[in-house]
Colleague: 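What follows is a structure written as structure tokens; I'll ask about it next.
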Amino acid sequence: MKRVLITGAAGFLGSHLCDRFIRESYEVIGMDNLLTGDLKNIEHLFPLKNFEFYHHDVSTFVHVPGNLDYILHFASPASPIDYLKMPIQTLKVGSLGTHNLLGLAKSKEARILVASTSEVYGDPSVHPQPEEYWGNVNPVGPRGVYDEAKRFQEAITMAYHNYHGLETRIVRIFNTYGPRMRLNDGRALPAFMSQAILGEDITVFGDGSQTRSFCYVDDLIEGIYRLLLSDYASPMNIGNPSEITIKEFAEEIIALTGSHQKIVYEPLPVNDPKQRRPDITKAREILDWEPKVDRKEGLARTLDYFKQALKGEKS
Ligand code: UDP
């Protein structure tokens, strides 16, 4: 049985990765400091013999007994309000945490995949964004703590690859949505869905003309799985190129929930990217991957989850 360590295991993406590797019959070690993760996302795995959980902050020395085949580093605050609230932890997990895990990978002779982000492109002046684009990031702006931590993560990962010959993979994740997103993480989808279900005004920031391209979580996990098993060591975009303005996105969610909430406009956060869309030519060619779940289907599945989760919060 192959053994995989997944950091950020109790988070949105980490928990879906745990499920996927359990399904593929791996022995899975989940690690999380539960800063933004939630044990509810993985409690169904606790009875399994091939699942173990370590409550640990990867920004400090990481020890895992036994062999490891793969490490997937998905620990980090990941929503803008989280990393504004926890700027130092965000910088540490992307930098020191990544360094610790690269060291662990080297000592175990394991392959490591790190979760990078479309935020490395900042407020992009090239559209859509191919992997060759170097980005437009304000290092000292409020988002800099996340963007620069992830850019450092990419740099140190490539250094371990080039200098130590470590097997590394870097996925640049674009906006992803689906069950297990935190209801109050402040991102557009959780905000709009919760507001629509609870009968509150829908808060669009700015004039809503900024764009994003939303990928359903199952598609993303499939792309990451294929990237890990590929032999491609340079950064790769995984995301859904279907682009939409935030105002249209809010309108789609209002229509889907059948609510009649009105949109209210609030100030645009500082350095909020004006446009974002992945160029996924590489993922198509190298991984034979592309997203399969369209927004209508993905939003419907996510709405079911949000309705249940909001009910759970009330009871
Ligand atoms: N946004 C919004 N209303 C909200 C939350 C977010 O209009 O209640 C906007 C945000 O300003 C950004 C877009 O939606 O332009 C996507 O934001 P999110 O936080 O989901 O992710 P980002 O892509 O900015 O990291």
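Order of appearance sets the numbers: ligands from 1, and atoms from 1 within every ligand. Just so it is clear, the model here is predicted, and its values are computed rather than measured.
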Colleague: Strictly under 6.0 Å, is that where the ring centroids of Tyr225 and Phe21 end up?
Modeller: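 Yes, the ring of Tyr225 comes within the 6.0 Å limit of the ring of Phe21, centre to centre.
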
Colleague: Considering only residues two or more places apart or on different chains, which pairs with a residue in residues 26-43 satisfy side-chain hydrogen bond (donor to acceptor under 3.5 Å, both in side chains)?
Modeller: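 Every pair satisfying side-chain hydrogen bond (donor to acceptor under 3.5 Å, both in side chains) with a residue in residues 26-43: Arg3-Glu27.
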
Colleague: So, are Asp294 and Lys296 salt-bridged, with charged N and O less than 4.0 Å apart?
Modeller: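 The answer is no: the pair does not qualify as a salt bridge.
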
Colleague: Can you list every protein residue that has a heavy atom under 4.0 Å from any atom of ligand 1, sorted by chain and residue number?
Modeller: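 Around ligand 1, where the cutoff is 4.0 Å for heavy atoms, the contacting residues are Pro80, Glu119, Arg143, Asn175, Gly186, Arg187, Ala188, Ala191, Phe192, Thr203, Val204, Phe205, Gln210, Arg212, Ile246, Pro269, Asp272, Arg276.
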
Colleague: Does His164 have any ring-ring contact (aromatic ring centres under 6.0 Å, His included) partners at least two apart in sequence or in another chain, and if so, which?
Modeller: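 For His164 the ring-ring contact (aromatic ring centres under 6.0 Å, His included) partners, ignoring immediate neighbours, are Tyr160.
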
Colleague: Could you pull out all residues at least two apart from Glu222 that satisfy salt bridge (charged side-chain N to carboxylate O under 4.0 Å, His left out)?
Modeller: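 Result, salt bridge (charged side-chain N to carboxylate O under 4.0 Å, His left out) vs Glu222: Arg20, Arg226.
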
Colleague: Name the orientation class of the two ring planes belonging to Phe214 and Phe249 (parallel below 30°, tilted from 30 to 60°, perpendicular beyond 60°).
Modeller: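 Ring orientation of Phe214 relative to Phe249: parallel.
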
